[in-house]
Amino acid sequence: MNVHILQIEFATPAFDEALALRDLVLRKPLALQFHTEDITAESSEIHIVAYTDLKQIVGSLTLRLISTEEIKMRQVAVHPEAQGQQIGAKLVAESERVAKQLGHSIMTLHARDTAIPFYKRLGYSIIGDGFDEVNIPHHKMYKNL
């Protein structure tokens, strides 16, 4: 599958499509829903998507500015039919490029324990003890950019 990585703007049709993908992959399996305040809080975040030649969004993530040094990767989702095709890795690589361009030196994230091997392959390390987030075991991970 040929994919392209692109930044999109908040509150656009592309954002709505990315939000629907994140809902499908990250929320529905846990019987969770997005709340208006969750979505509104993303207005200041950076949104990066992977889309096909047919203009279908198959991957998405957001970046939240934490400090002048740190930026946090959030809500990483790849459509189930597109998983295993390096789309997640391409999204992460682009997020790191954007973070460096903005002057950040540390990328952090909260990884579901099932995703830890993926992030370790991309150079991320665990920091601290595990914790539950949305009733799922997670670990904080980071990478020096």
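Keep in mind it's a predicted model, so treat the numbers as computed, not measured.
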Glu37 atom CD, neighbour heavy-atom count above 12 within 6.0 Å: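 Above 12, so yes.
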Met1/Val58 under side chain to side chain contact (heavy atoms under 4.5 Å, CB included): CA gap, chis, key distance, verdict: CA-CA 10 Å; Met1 176 183 305; Val58 293; 4.3 Å; yes
Audit row: Thr62, Glu45, side-chain hydrogen bond (donor to acceptor under 3.5 Å, both in side chains) steps and yes/no: CA-CA 6 Å; Thr62 66; Glu45 295 184 359; 3.2 Å; yes
Salt bridge (charged side-chain N to carboxylate O under 4.0 Å, His left out) evaluation trace for Arg22 with Glu42: CA-CA 13 Å; Arg22 290 171 25 210; Glu42 293 187 9; 2.4 Å; yes
Option among Lys143, Arg74, Lys72, Met73 that satisfies the side-chain contact (heavy atoms from CB on, under 4.5 Å) test with Thr108: Lys72
Chi angles and distances behind the side chain to side chain contact (heavy atoms under 4.5 Å, CB included) call for Gln75, Ser60: CA-CA 7 Å; Gln75 295 285 300; Ser60 175; over 6 Å; no
Beyond-backbone contact of Asp132 with His138, side-chain heavy atoms, under 4.5 angstrom: no
Residue Lys90 excluded, over 12 heavy atoms near NZ under 6.0 Å: yes
Stepwise side chain to side chain contact (heavy atoms under 4.5 Å, CB included) test for Ile5 and Val49: CA-CA 6 Å; Ile5 309 297; Val49 297; over 6 Å; no
Side-chain heavy-atom pair Leu102, Ile46 within 4.5 angstrom cut-off: yes
Check: Phe131 ring centroid to His139 ring centroid under 6.0 Å: no
Which residues share a side-chain contact (heavy atoms from CB on, under 4.5 Å) with Ile39, sequence neighbours left out: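 For Ile39 the side-chain contact (heavy atoms from CB on, under 4.5 Å) partners, ignoring immediate neighbours, are Phe10, Phe15, Leu19, Phe34.
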